[in-house]
There are 2 protein chains.
Amino acid sequence: MPVRGDQLTATFAALADPTRRAILARLAHGEATVGQLAEPFDVTLPAISKHVKVLQKAGLVEQTRQAQWRSCRLRPEPLRDVVTWMTQYREFLGESFDRLDRYLTDLQKGDRP
Amino acid sequence: MPVRGDQLTATFAALADPTRRAILARLAHGEATVGQLAEPFDVTLPAISKHVKVLQKAGLVEQTRQAQWRSCRLRPEPLRDVVTWMTQYREFLGESFDRLDRYLTDLQKGDRP
DNA sequence: CAGTTAATTAACCACTCTGGAAAGTACGAG
DNA sequence: CTCGTACTTTCCAGAGTGGTTAATTAACTG
């Protein structure tokens, strides 16, 4: 019954690729066409197209069509599912801070990464 | 800037498997041998052994040897790296991320050793 | 010593994933 | 309708994954 579990698997699998994470980072700054997403990378357009498809199936990216361009936009839900999944390790993560606590504290003071 | 790009890839790849996530959930409750980890699953011991090896390479699990038993323990660092990586999507995630963020920050303020 | 237990390694099989090249699709312009 | 643009899909090779069984290593036990 947990279709949600499969969703998590698809999300983690999608994130387990540096090119796809870079695509997501690019989309965090705004929408982009597949061609624009491909520019920074040293791979062919079909390869990027396939990466986008993987991200789409994981629900991380939404594609809207206008003329012959496909505009890609980041969807937050799967990342929220990851956060939800991680909450079961909250206490464990809290046991021994060294880096994250400082990072998050700096974030609260107003610094941006 | 990524903490350890390859490390993050290995972590996400390790998490992209339901059996391995179940092993982690089991280890969140305490140490266990490979045999104990294998019990709930309908797969052979070698299969679990390989899963543990993947988790080890991702730094999520530490194995200590005592006699003929290998005791497995959860390591928090890679999960913290995931949280750190996710902070770049803070604005997309909104409340759900802020809740985890706040929890970790509050924990730091309250748990002064 | 041989035997048992715990776990890994080896060998193998069936997929799946990622890449490139090439062909196909869809739309707008002329 | 034809051409160019912007992808997507198909096909293929090579690498990797997840599972099996069988063999191997390692440590304790009688």
Side-chain angles (χ1 to χ4, degrees), chain A residues 5-27 30-75 78, chain B residues 5-27 30-75 78:
Chain A
D6 269 337
Q7 170 60 43
L8 251 191
T9 298
T11 301
F12 281 129
L15 296 177
D17 183 289
T19 302
R20 286 195 291 262
R21 287 199 303 276
I23 288 175
L24 290 184
R26 164 72 181 78
L27 289 177
E31 295 191 17
T33 65
V34 177
Q36 289 171 331
L37 289 175
E39 274 170 32
F41 302 104
D42 193 21
V43 291
T44 57
L45 199 63
I48 298 296
S49 184
K50 288 173 195 171
H51 279 306
V52 170
K53 202 174 181 181
V54 172
L55 292 168
Q56 254 189 116
K57 281 189 178 168
L60 283 157
V61 161
E62 181 193 41
Q63 237 177 352
T64 57
R65 185 164 198 155
Q66 43 210 33
Q68 65 265 60
W69 295 277
R70 265 90 160 180
S71 197
C72 301
R73 183 170 26 193
L74 187 57
R75 300 295 312 169
Chain B
D6 254 356
Q7 168 59 38
L8 208 45
T9 297
T11 301
F12 280 129
L15 296 177
D17 183 289
T19 303
R20 287 195 289 263
R21 288 199 302 276
I23 289 174
L24 290 184
R26 164 72 181 76
L27 289 177
E31 293 190 19
T33 65
V34 178
Q36 289 172 330
L37 289 175
E39 274 171 31
F41 301 105
D42 194 20
V43 292
T44 57
L45 201 62
I48 298 296
S49 185
K50 285 180 192 172
H51 279 307
V52 170
K53 203 173 182 181
V54 172
L55 292 169
Q56 256 189 113
K57 280 188 179 168
L60 284 157
V61 161
E62 180 193 41
Q63 238 177 349
T64 57
R65 183 162 201 159
Q66 43 208 32
Q68 66 266 60
W69 294 277
R70 264 92 159 180
S71 196
C72 301
R73 183 170 26 191
L74 188 58
R75 300 294 313 168

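Numbers restart at 1 for each chain; the letters A, B, ... are given by sequence-line order, proteins then strands.
At whole-Å resolution of the value, CD in Q66(A) and C1' in dG28(C) are 14 Å apart. Rounded to an integer number of Å, the gap from D17(B) CG to dG18(D) C1' is 8 Å. Between the CG atom of L45(A) and the P atom of dA22(C) there is a distance of 16 Å, given to the nearest Å. Rounded to whole angstrom, the span from the NZ atom of K57(B) across to the C1' atom of dG16(D) amounts to 12 Å. Atom CZ in F12(A) sits about 20 Å away from atom C1' in dT16(C), given to the nearest Å. Separating the CD1 atom of I48(A) from the P atom of dA21(C) is a distance of 14 Å, rounded to the nearest angstrom. Taking atom CZ of residue R21(B) and atom C1' of nucleotide dG18(D), one finds them 15 Å apart after rounding to whole Å. Note: CZ (F41(A)) to C1' (dG19(C)) measures 15 Å, nearest angstrom.
An OP1 or OP2 oxygen of dG19(D) is reached within less than 4.0 angstrom by no side-chain nitrogen or oxygen of T44(B). For R20(B) and dG18(D), the shortest distance from a side-chain N or O to OP1 or OP2 is below 4.0 Å. OP1 or OP2 of dT8(D) has at least one side-chain nitrogen or oxygen of R70(A) nearer than 4.0 Å. The phosphate of dG18(D) has neither OP1 nor OP2 within less than 4.0 Å of any side-chain N or O from T19(B). Between dA7(C) and S49(B), no contact under 4.0 Å exists linking OP1 or OP2 to a side-chain N or O.
K53(B) comes within 4.0 angstrom of the backbone, heavy atoms only, and of no base. As judged by a 4.0 angstrom heavy-atom cut-off over every strand, V52(B) is placed among residues making no nucleic acid contact.
The closest donor-acceptor contact from the side chain of Q63(A) to the backbone of R73(A) lies at 3.5 Å or more, if one exists at all. With hydrogens and angles disregarded, a donor-acceptor distance shorter than 3.5 Å links the side chain of R21(A) to the backbone of L15(A). In this structure a side-chain-to-backbone donor-acceptor pair under 3.5 Å is present from R20(B) to A13(B).
Taking 4.5 Å as the limit, every side-chain heavy atom of L60(B) sits out of range of all side-chain heavy atoms of V54(B).
Looking at which nucleotide of DNA chain C each of Q63(B) and H51(A) is closest to, the 5′-most match is held by Q63(B).
For R65(B), whose side chain is taken as the heavy atoms from C-beta onward, the closest listed nucleotide among dT20(D), dC7(D), dA26(D) is dA26(D). Listed nucleotides dC11(D), dT20(D), dA27(D) differ in distance to K50(B); the shortest reach to its side chain belongs to dT20(D).
The CD1 atom of I48(B) sits 11.5 Å away from atom OG1 of T33(B), with the distance rounded to the nearest 0.5 Å.
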